[in-house]
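Single-structure report; data block below.
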Amino acid sequence: GAVVSQHPSRVICKSGTSVKIECRSLDFQATTMFWYRQFPKQSLMLMATSNEGSKATYEQGVEKDKFLINHASLTLSTLTVTSAHPEDSSFYICSARRGHRETQYFGPGTRLLVL
Amino acid sequence: GESVGLHLPTLSVQEGDNSIINCAYSNSASDYFIWYKQESGKGPQFIIDIRSNMDKRQGQRVTVLLNKTVKHLSLQIAATQPGDSAVYFCAENSDFGNEKLTFGTGTRLTIIP
């Protein structure tokens, strides 16, 4: 299989601060990584698509200046929630795939709570 | 707009019985479908996938059926076990350039001991 990790698994921060979440593909190189957000009892909503070495493509309604995505290597993508507010509290999940038309494998998720 | 949805939000099945989870999709151009299992507080776990050139695919205790005529997808789990209790999502490949996945609303499967 393919293993994707996320760090941290859980984070609590104060309103107005920034939080960085890491997504790593542990046993494969991921040309593309995806970031999703999931609110309680809801489905996954895609936030952005990130290709290694290029700018992320954001979904409609997702603020690119608020959710900064960096995909600097084939095994690491980061999501930074800038100036976090309580409404940003959610479960953030990344996924990664080896290449074109390959299956997406998901990380374990990061639960963010903004106080 | 295009969407992927599930017929039933919850499903309870006696341990040892078979379960069937259904999914309807609306984008007739989609050619790749995946079932994921998500346990509480965890990320989705890949179960099985199917491409549109097939109508059935089997894995270990799971079978996915695809009916392109009525745009319907189902996941069959045989001899259910307590560990099968989770939320199951179908996902559809909805953008062939970026190959983004569109997720259905999810079905919570509860296995009754």
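Only this structure's heavy atoms are used, side chains among them; waters, hydrogens and symmetry mates stay out.
- Using bins of under 30°, 30° to 60° and over 60° for the plane-to-plane angle, the ring pair A:Y36/B:F103 lands in the perpendicular bin.
- In this structure, the separation between CG on B:L65 and NZ on B:K56 is 6.5 Å, given to the nearest 0.5 Å.
- Cation-pi geometry between A:R37 and A:Y92 is not met: the NZ or CZ atom fails to fall both under 6.0 Å from the ring centre and inside 45° of the normal.
- Note: A:Q38 leads A:Q38, A:Q6, A:R10 in heavy-atom pairs under 4.5 Å with chain B.
- The residues B:D55 and B:K68 are annotated as not salt-bridged, no charged nitrogen and carboxylate oxygen being separated by less than 4.0 angstrom.
- With chain B as partner, the option from A:M45, A:E59, A:R111 having the largest number of non-hydrogen pairs under 4.5 angstrom is A:E59.
- Heavy-atom distances place both the backbone and the side chain of A:L44 under 4.5 Å from chain B.
- More than 12 heavy atoms of other shown residues, nucleotides or ligands fall within 6.0 angstrom of atom NZ in A:K66.
- Within the 4.5 angstrom heavy-atom criterion, only side-chain atoms of B:Q38, from C-beta onward, approach chain A.
- Contact annotation for A:Q42: only backbone heavy atoms (N, CA, C, O) come within less than 4.5 Å of a heavy atom of chain B.
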